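Note sheet for the following structure.
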Amino acid sequence: MPELPEVETIVRGLNRSKPGEAVSRVLVRLGKVFKSGGIKKKLLKRKLAEISRRGKFILIRLDDGQYLVVHLGMTGQLYWISKEHQVDRHTHFRLEFEGNDRTLNFRDVRKFGQVQIYDSEKALWSSEKMKKLGPDALQISRGDFGKLLQRRRMIKALLLDQKAIAGIGNIYADESLFAAKIHPARRANEISPAKVKRLYESVRRILRQAIAAGGSSIRDYRQSDGREGMFQTKHKVYGRTALKCRRCGAKIERLIVAGRSSHICPACQRLDS
DNA sequence: GCCACTGTTAGCAT
DNA sequence: CATGCTAACAGTGG
């Protein structure tokens with residue numbers, strides 16, 4: 001499940017091996033992933049410029065100022081592969097480049113991903129999608145994070161809300177809450193200032209460590225060069241149901257919070273502390 | 001073969 | 001408005 005660290009890893013990988021040539025061919029196998037029309041014509045003859053990220057959105061700037069925006073959904077993958085490799089039934093989109101063997105592929109088994117194109121940087125930032133998106137989890141200041149936590153929602157729901165703070169998904173919400181010893185169902189406004197500080201630092205530390213490890217490969221996620229990420233081996237609670245807490249030895253439990261499966265150590269993360 | 005599960009978002013209820 | 005819950009999406013895997 002690509003969250004901020006996985007998306008950041010992909011962006012770095014894509015930038016590292018970007019072809020300098022112009023797009024020579026656009027293969028679209030599944031039109032529904034495209035939220036905007038006329039994509040083929042807009043991409044043809046363009047070169048890829050800087051690739052960046054905001055929350056879980058991948059922003060690919062083209063040499064004429066357009067932006068190709070990709071959201072990977074749950075199972076989306078974006079990677080380079082040789083032309084020799086046939087597209088399989090889950091590959092929805094492929095870009096070929098002039099006289100270059102490598103192609104940029106968008107593959108998405110579950111088809112929840114989205115691809116959109118904007119005519120300019122201005123069009124991108126004034127789009128509904130970007131306007132709705134909260135501050136990036138690695139950019140938000142301590143002060144703004146504290147303000148966010150004055151709301152009375154359950155802390156996990158808040159961390160997962162991309163309008164509130166962008167980039168955190170189920171894995172990193174659970175790992176951050178464990179690190180800060182906070183129960184996911186705890187009301188945000190009832191968390192002590194000391195723990196708010198601890199949570200802010202935990203979110204940043206864990207996202208950074210996960211990026212350094214190339215992300216977490218649970219099922220579909222791969223880096224843009226096809227390798228698995230390694231952060232899943234460092235998880236303290238996510239996917240460790242019934243195993244022993246690495247901090248205190250208690251049994252990790254799985255419960256539903258904010259409609260999502262959540263993993264906690266019942267001893268380290270008490271609802272009333 | 002049925003159902004749980006996954007992330008996100010929209011829509012509805014409170 | 002704020003918040004929470006559910007459905008829907010599509011496919012995999014138990």
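Residue numbers start from 1 in every chain, and the chains themselves are labelled A, B, ... in the order their sequence lines are given, proteins ahead of strands. Just so it is clear, the structure is predicted and the values come from calculations on it, not from any experiment.
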Could you write out each protein N or O paired with an N or O of nucleotides 1-8 of chain C at a distance under 3.5 Å?
| unit_1 | atom_1 | unit_2 | atom_2 | d |
| --- | --- | --- | --- | --- |
| C:dT3 | OP1 | A:Arg152 | N | 3.1 |
| C:dT3 | OP2 | A:Arg151 | NE | 2.9 |
| C:dT3 | OP2 | A:Arg151 | NH2 | 2.8 |
| C:dG4 | OP1 | A:Arg187 | NH1 | 2.7 |

Tabulate atom names and distances for all N/O pairs under 3.5 angstrom spanning the protein and nucleotides 8-14 of chain B.
| unit_1 | atom_1 | unit_2 | atom_2 | d |
| --- | --- | --- | --- | --- |
| B:dT8 | OP1 | A:Lys56 | NZ | 2.2 |
| B:dT8 | OP2 | A:Lys56 | NZ | 2.6 |

Extract from the structure each pairing of a protein N or O with an N or O of nucleotides 3-5 of chain B at less than 3.5 Å, listing the distance.
| unit_1 | atom_1 | unit_2 | atom_2 | d |
| --- | --- | --- | --- | --- |
| B:dC5 | OP1 | A:Arg254 | NH2 | 2.8 |

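In this structure, A:Asp64 does not pair ionically with A:Lys45, as no charged nitrogen and carboxylate oxygen lie closer than 4.0 Å. A salt bridge between A:Lys83 and A:Asp101 is absent, with no side-chain N of the basic residue lying under 4.0 Å from a carboxylate O of the acidic one. Looking at A:Asp174 and A:Lys156, a side-chain N of the basic residue comes within less than 4.0 Å of a carboxylate O on the acidic one, giving a salt bridge. Ion pairing between a basic and an acidic side chain is recognised when a charged N comes within 4.0 Å of a carboxylate O; A:Glu8 and A:Arg53 show such pairing. We find that A:Lys56 and A:Glu3 are not joined by a salt bridge, their nearest charged nitrogen and carboxylate oxygen being 4.0 Å or further apart. Taking the charged nitrogens against the carboxylate oxygens, A:Lys131 and A:Glu128 do have a contact shorter than 4.0 Å, which makes a salt bridge.
Comparing B:dT6, C:dC9, C:dT12 against the side chain of A:Met74 picks out B:dT6 as the nearest.
Each of A:His90 and A:Phe112 has a nearest nucleotide on DNA chain C; the 5'-most of these lies closest to A:Phe112.
Taking the six-membered ring for Trp, A:Tyr118 and A:Tyr67 have ring centres at least 6.0 Å apart.
The neighbour count for A:Met230 CE, taken as heavy atoms of other residues, nucleotides or ligands under 6.0 Å away, does not exceed 12.
In this structure a side-chain-to-backbone donor-acceptor pair under 3.5 Å is missing from A:His235 to A:Val237.
A cation-pi arrangement is absent between A:Arg102 and A:Tyr79 under the rule of less than 6.0 angstrom and at most 45 degrees off the ring axis.
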